[in-house]
Q: 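First the structure, then my questions, so here it is.
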Amino acid sequence: MENTNKTVRTRFAPSPTGFMHVGNLRTALYAFLLAKSQGGTFVLRIEDTDQARFVEGATEVIYNTLARAGLVHDEGPDKGGEYGPYIQSERRDLYLPYAEELVKKGAAYYCFCDKQEGETQEAGTDPHETCPGHCRDLDPAEAAAKAASGVPFVIRQKIDRTGKSAYDDAVFGHIEIDNDVLDDQILIKQDKMPTYNFANVVDDHLMNITHVVRGAEYLPSTPKYNMLYRAFGWEIPQYVHLPLIMGRDAEGNVAKLSKRHGSVSFENLMQEGYLAEAVINYIALLGWSPKNDREIFTLEELISIFKVDGLNKAPAIFDYDKLMWMNTEYLKAMTPEAFAAASFPFAGVAGTPLEARWAGFAPMLQQRVNKLDEIPEKIAFLHALPEYEIEIFNNKKSKCNPEVAKEILLELRPEFENLADWTAPAISAVLSGCAERRTCKLGLPMWAVRIAVSGQMVTPGGPGEIMEILGKEEAMKRYDVALQKLN
RNA sequence: GUCCCUAUCGUCUAGAGGCCUAGGACACCGGGUUUUCAUCCCGGCAACACGGGUUCGAAUCCCGUUGGGGAUGCCA
C-alpha cells in the first residue's frame, strides 16, 4: 500500500478531557512527524461525542499544548480548512444518515435493548451477547418502522460471524482476526450521537485522512473499522499503530500509562519545570529510534529524519530519570538570557531584591538544575539564613573545622567591614589575600565564609557572589551570627 | 475466559544469518579535574527469556513454552 501521489494527511483526534496525557502527545507527535516528513498535512480534530464528559476550556488546553510543543496543525477548529467543521459535536447531524445508509445496506441494524449497565465485558462473556434481544435478527422493515415511531434505539454494526479479517499495519505487519470474536459494536448511541468508533471512520474518510496514527490498543478492533469502510465502499487508510507507553504504579506494576500508573500530563511536566522541547525529544525516542547513537534532536531535525520503520513494537516504560537527564541537557544548552527568562517564573523572587539582578544570578544556577522547580529550594538560603550546626564547618579537603573557621572569620571581619567596593570580585580578593597570607588553599577561607553567609555547604555561586547579592548589611549580619555560634 | 500484540543490560534502544568478545544512552558504582555542589573527562557493572528446529553458521528465520502488555464500554 504505497501512497504514491497522494499527499499524506494525518490527524490528531484528542478528546477534550482538560489535560494532555503524554501518551496522547506522543501520538500527536508521530502523526505530525509522519505528515511533515513527507510534506503532508497535519489535521486537528476534536472528538467530543461524549456529552457527559464535557469539560470547560478543555479545547484550549489542546491548542496550548500543541502550540507549546511546536506541533503546529494545518487544519483544525481554530485554523479552519476545507474539511471542517473540525469539532465532532458540530458535525453531529452528519453521522446518523451514514449509519442509516449502513442499515439499508444490511451492514448495521437498530437495537432496542436496554442500556447495558456493566462496565467492561466480564471474563467468559460471549461477544454476541451484547444484545440480548437478538435485534440483529429483527425484520429490517419492522425495525425501521419501530425506530421511526419514536422507540429509543441504538444502531449496531452487523458483523459477519464467519471468516477472518486481515489487514497490514505499517509497524505491526500482518494482523489476522477471526470475525467471530468481534462484537456488534454500537455506531449511534441512544442520544443519536455517534460513538468514537463510528465518528472516527466517517470523519477520517470525509477529511481524506491517508494514515491513521493511533495507539496499539486499537489493533484488535481495526477489522471492525475496515468492515465499515468496505460497507461504504471507501478506501481504507494506512494504519500506523504505535507501541503503548507504560507506567509504574506504587507497587511497581507496569501498565498502560495512566493516573494510577506513573501519571503524567504535559501540564504537570511543565509545572515541574521540564522544557517542552526536552519532553518532545524524550517522547520521540520512546518507541522510535533514529537507528543511530544520537539522542538530542530539535523538532525540525526529527521531521527530517523520521521514518516509520524506526517505530518499535514492544511497549515502552516512561522513565523519568532519562527525561530529567535530557531536560538537564536542554537547560545547559540554553543561552544565559534564555535560561534567566525561563527560570524566573519558577524562582519565586518577584518582589525581592533578587528580582532586579535575576539575569545576572540565574546563570549560576544553570549548570546545577535538572528541572526548574528545583530553584526555590536552591536559593531559599538567600531569603533567610537556614538553621545550621557548626559541624558543617568541618571539611576534610579544605582542612576546615570550627576552630579554624572562627579564626579566619575573626581575621577577615575588619576587612569586610571596611570594604567599600562590595562586589563579588572585591570580596573574592579579600579571600585570596587571606589564603596567600596563611599560605593555605583558597578553599579554606571560601569554605568558612560560604557557610557563615549561607548556612549551608552547597550553594550556587561562591561566597563572593552570595555576599554581593545579600548586600553588605545582611552579609555582615549573617557573618556575626556565625561568629556567635562559633564562640 | 476468549482474542490480539510483544520479548536484547534495571530502563530506552542499536542489531534486519557470519562484521557480536552484542554497540549507545539513562540509572548505578569507581577515579580524575574543580573554591562547595554540579558540570566536564576517564573507567566499571549489566542483556540476546526458555526449549526445539532450519542452516556450515542464529540475538537475527520457523514452531512451542513462559513472561509482559492490550482488547473485549451507548469512553475515547
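Naming: A, B, ... by sequence-line order, numbering from 1 per chain.
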Q: Over all strands shown, is A/Ile175 touching base, sugar-phosphate only, or nothing at heavy-atom distances under 4.0 angstrom?
A: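 Sugar-phosphate only.
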Q: Could you list the residues that satisfy salt bridge (charged side-chain N to carboxylate O under 4.0 Å, His left out) with A/Glu415, not counting sequence neighbours?
A: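 Testing A/Glu415 for salt bridge (charged side-chain N to carboxylate O under 4.0 Å, His left out), a comparison that skips the adjacent residues, returns A/Arg437.
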Q: Can you give one letter per nucleotide of nucleotides 18-37 of chain B, 5' to 3': B if a protein heavy atom sits under 4.0 Å from the base, S if only from the sugar-phosphate, - if neither?
A: -----BSBSS------BBBB
Q: If you look at every heavy atom in A/Phe339 and A/Ala362, which pair is closest and at what distance?
A: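 Heavy atoms only, the tightest pair is CE2-O, 3.3 Å.
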Q: Please classify the nucleic acid contact of A/Glu217 as base, sugar-phosphate, or nothing, using heavy-atom distances under 4.0 Å.
A: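 The answer is sugar-phosphate, as A/Glu217 gets under 4.0 Å only of primed atoms, P, OP1 or OP2.
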Q: Nearest to the side chain of A/Asn197 - B/U13, B/A76, B/A71?
A: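 When the side chain of A/Asn197 is considered, B/A76 is the closest of B/U13, B/A76, B/A71.
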Q: Remember a base hit wins even if backbone is also touched, and classify A/Asn312 as base, sugar-phosphate or nothing at under 4.0 Å, heavy atoms.
A: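 If one applies the 4.0 Å heavy-atom cut-off, A/Asn312 turns out to touch the sugar-phosphate alone, with no base involved.
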Q: Give the ring-plane orientation class for A/Phe12 versus A/Phe42, where under 30° counts as parallel, over 60° as perpendicular and anything between as tilted.
A: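 Parallel.
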Q: Provide, to the nearest angstrom, the distance between the OH atom belonging to A/Tyr218 and the P atom belonging to B/A71.
A: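 It is 9 Å, rounded to the nearest whole Å.
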Q: Between A/Phe318 and A/Tyr282, does the ring centroid distance fall short of 6.0 Å?
A: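 That pair passes the under 6.0 Å test.
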Q: Please determine if a side-chain N or O atom of A/Lys224 lies less than 4.0 Å away from the OP1 or OP2 oxygen of B/C3.
A: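 Result: no.
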Q: Tell me whether the OP1 or OP2 atom of B/C75 has a side-chain N or O from A/Lys189 closer than 4.0 Å.
A: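 Answer is yes, contact under 4.0 Å.
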Q: Can you find a side chain N or O atom of A/Thr17 that sits less than 4.0 Å from OP1 or OP2 on B/A76?
A: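 For B/A76, OP1/OP2 do not have a side-chain N/O of A/Thr17 under 4.0 Å.
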Q: Using both distances under 3.5 Å as the test, list the Watson-Crick or G-U wobble partner of B/A49, or none.
A: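 Across all strands, the one nucleotide that pairs with B/A49 is B/U65.
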Q: Any ion pair linking A/Asp183 and A/Lys224 (charged N to carboxylate O, less than 4.0 Å)?
A: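 Yes, A/Lys224 and A/Asp183 are salt-bridged.
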Q: Indicate, with a heavy-atom threshold strictly under 4.0 Å, whether A/Gly215 touches base, sugar-phosphate, or nothing.
A: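 The residue A/Gly215 makes no contact with any strand.
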Q: Side chain of A/Gln367: nearest nucleotide among B/C4, B/A38, B/G70?
A: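 Closest nucleotide to the A/Gln367 side chain: B/A38.
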Q: Using atom P in both nucleotides, what's the gap between B/G23 and B/U39 to the nearest angstrom?
A: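 Pairwise P distance, B/G23 against B/U39, rounds to 25 Å.
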Q: Find out whether the Lys NZ or Arg CZ of A/Lys146 is both under 6.0 angstrom from the six-membered ring centre of A/Tyr110 and within 45° of the ring's axis.
A: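 No cation-pi geometry.
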Q: Any base atoms under 4.0 Å from A/Glu176, or only sugar-phosphate, or nothing? Heavy atoms, all strands.
A: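 Answer is sugar-phosphate: A/Glu176 comes under 4.0 Å of backbone atoms only.
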Q: In terms of side-chain heavy atoms of A/Met246, which of B/G70, B/U13, B/A76 is nearest?
A: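 Shortest atom-to-atom distance from the side chain points to B/G70.
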